[in-house]
Amino acid sequence: MSDSRTFEEVKAQVLSAHSCSGPKEKVKFYNTWAEKYEQDVAILDYNAPFLAAECIASHFTGEKESAVILDVACGTGLVSGHLKKMGFRHFVGVDASEKMLNLATKTGLYQELKKSMLCQDPFPVQDESYDIVVIVGALSIGHVPVSVIKELWQATKPGGFVCMTTRGNADNFEYKTELERVIRVMEEEKKWSCVAINEVANWEKAVSEHERGYITGVVYLYQRAHQV
Ligand SMILES: C[S@@+](CC[C@H](N)C(=O)[O-])C[C@H]1O[C@@H](n2cnc3c(N)ncnc32)[C@H](O)[C@@H]1O
């Protein structure tokens with residue numbers, strides 16, 4: 001493993017993603033970041049994977065050992081790694097970055113890993129087949145379009161759970177507003193109901209020039225209706 005970087009170096013790495021012109025460029029960025037991703041996000045004190053896993057584990061009402069989890073935009077496997085420590089056992093991962101998926105394979109956590117560009121390729125799993133669907137670190141400006149949440153819902157078993165996260169900082173304001181609008185419409189349509197919304201102060205260290213300290217973030221946990 002190579003030497004860890006300074007906070008300033010990690011900041012430059014993350015800010016370099018702002019020049020990505022679209023989803024393909026963003027995935028290329030993750031391919032080049034993959035080897036240093038886990039070391040770098042530890043320097044940023046990126047707490048989202050743990051916070052999402054903790055929210056799921058504290059509200060999931062079924063048998064953890066037999067629950068099947070779809071980890072969307074799984075990256076190197078941080079979310080499933082935390083869920084495993086909390087008692088879950090069965091994981092399937094989806095990501096568009098081959099290099100991130102290669103690292104996820106090495107963890108040995110996943111029964112299956114699927115390469116898929118979300119909202120461009122057909123969603124790569126069967127409808128209504130997962131007890132829990134989780135997406136962490138990918139619902140934000142420049143990453144995956146908000147429309148993916150309908151596909152996450154579709155992949156969840158009736159009565160199953162969908163866990164989503166987003167950032168609360170200024171550059172993500174419009175994305176977060178739209179995400180919350182779509183979540184609310186689906187709630188009004190009785191597709192799902194809210195289990196928890198956890199607003200977190202220490203999401204990760206700020207990297208933009210306009211922000212200091214930590215940025216905020218949110219974990220949303222919804223339960224798919226048994227019948228729609
Ligand atoms: C910040 S990382 C989060 C990884 C992991 N969930 C975590 O919290 O550590 C974002 C991940 O989303 C993936 N990603 C970004 N855009 C994507 C897209 N359009 N389709 C599929 N995966 C995408 C990247 O390849 C990357 O692995």
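We number each residue from 1, following the sequence as shown. For the numbers below, each heavy atom of this structure counts, side chains included, while hydrogens, waters and symmetry mates do not. Counting convention: from 1, in listed order, for ligands and their atoms alike.
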For [atom], which protein heavy atom lies nearest, and how many Å away is it?
atom                    : value
atom 15 (C) of ligand 1 : H143 CD2, 4.0 Å
atom 7 (C) of ligand 1  : Y37 OH, 3.4 Å
atom 8 (O) of ligand 1  : Y46 OH, 2.7 Å
atom 25 (O) of ligand 1 : D95 OD1, 2.6 Å
atom 20 (N) of ligand 1 : L118 N, 3.0 Å
atom 16 (N) of ligand 1 : V144 CG2, 3.8 Å
atom 19 (N) of ligand 1 : M117 SD, 3.6 Å
atom 22 (N) of ligand 1 : A96 N, 3.3 Å

Practice task
Determine whether the side chains of Y175 and T166 contain a donor N or O and an acceptor N or O closer than 3.5 Å.
Solution key: no

Problem - Test log, rule side-chain contact (heavy atoms from CB on, under 4.5 Å), inputs V195 and Y222 - result: CA-CA 5 Å; V195 176; Y222 278 71; 5.7 Å; no

Practice task
Check each of A73, C119, G22 against atom 6 (N) of ligand 1 and report the one with the nearest heavy atom.
Solution key: A73

Problem - ligand 1 to V27 polar contact by distance, N or O atoms, under 3.5 Å - result: no

Handout entry: ligand 1 to K26 polar contact by distance, N or O atoms, under 3.5 Å
Key = no

Atoms of ligand 1 close to [X] [distance to a heavy atom under 4.0 angstrom, numbered from 1]:
X    : answer
P49  : 8 (O)
G75  : 4 (C), 27 (O)
G137 : 1 (C), 10 (C)
S116 : 20 (N), 21 (C)
L78  : 9 (O)
M100 : 27 (O)

Practice task
Validate the cation-pi geometry between R167 and W203: distance from NZ or CZ to the six-membered ring centre under 6.0 Å, angle to the ring axis within 45°.
Solution key: no

Practice task
Look at the aromatic rings of H82 and F50 and report parallel, tilted or perpendicular, splitting at 30° and 60°.
Solution key: perpendicular

Practice task
Measure the acute angle between the ring planes of W33 and Y30, then classify it against the limits of 30° and 60° as parallel, tilted or perpendicular.
Solution key: tilted

Compare all side-chain heavy atoms of [X] with those of [Y] and state whether any distance is below 4.5 angstrom.
X    : Y    : value
L221 : V162 : no
C74  : Y110 : yes
N31  : M100 : no

Exercise for the section: Give a yes or no on this: more than 12 heavy atoms of other residues, nucleotides or ligands lie within 6.0 Å of atom CD of E98. Expected result: no

Fill in the blank from the handout: So OH of Y37 and OG1 of T32: to nearest 0.5 Å the spacing works out to 13.0 Å

Exercise for the section: Inspect the contact between K176 and E180 and indicate whether a charged nitrogen and a carboxylate oxygen are less than 4.0 angstrom apart. Expected result: yes

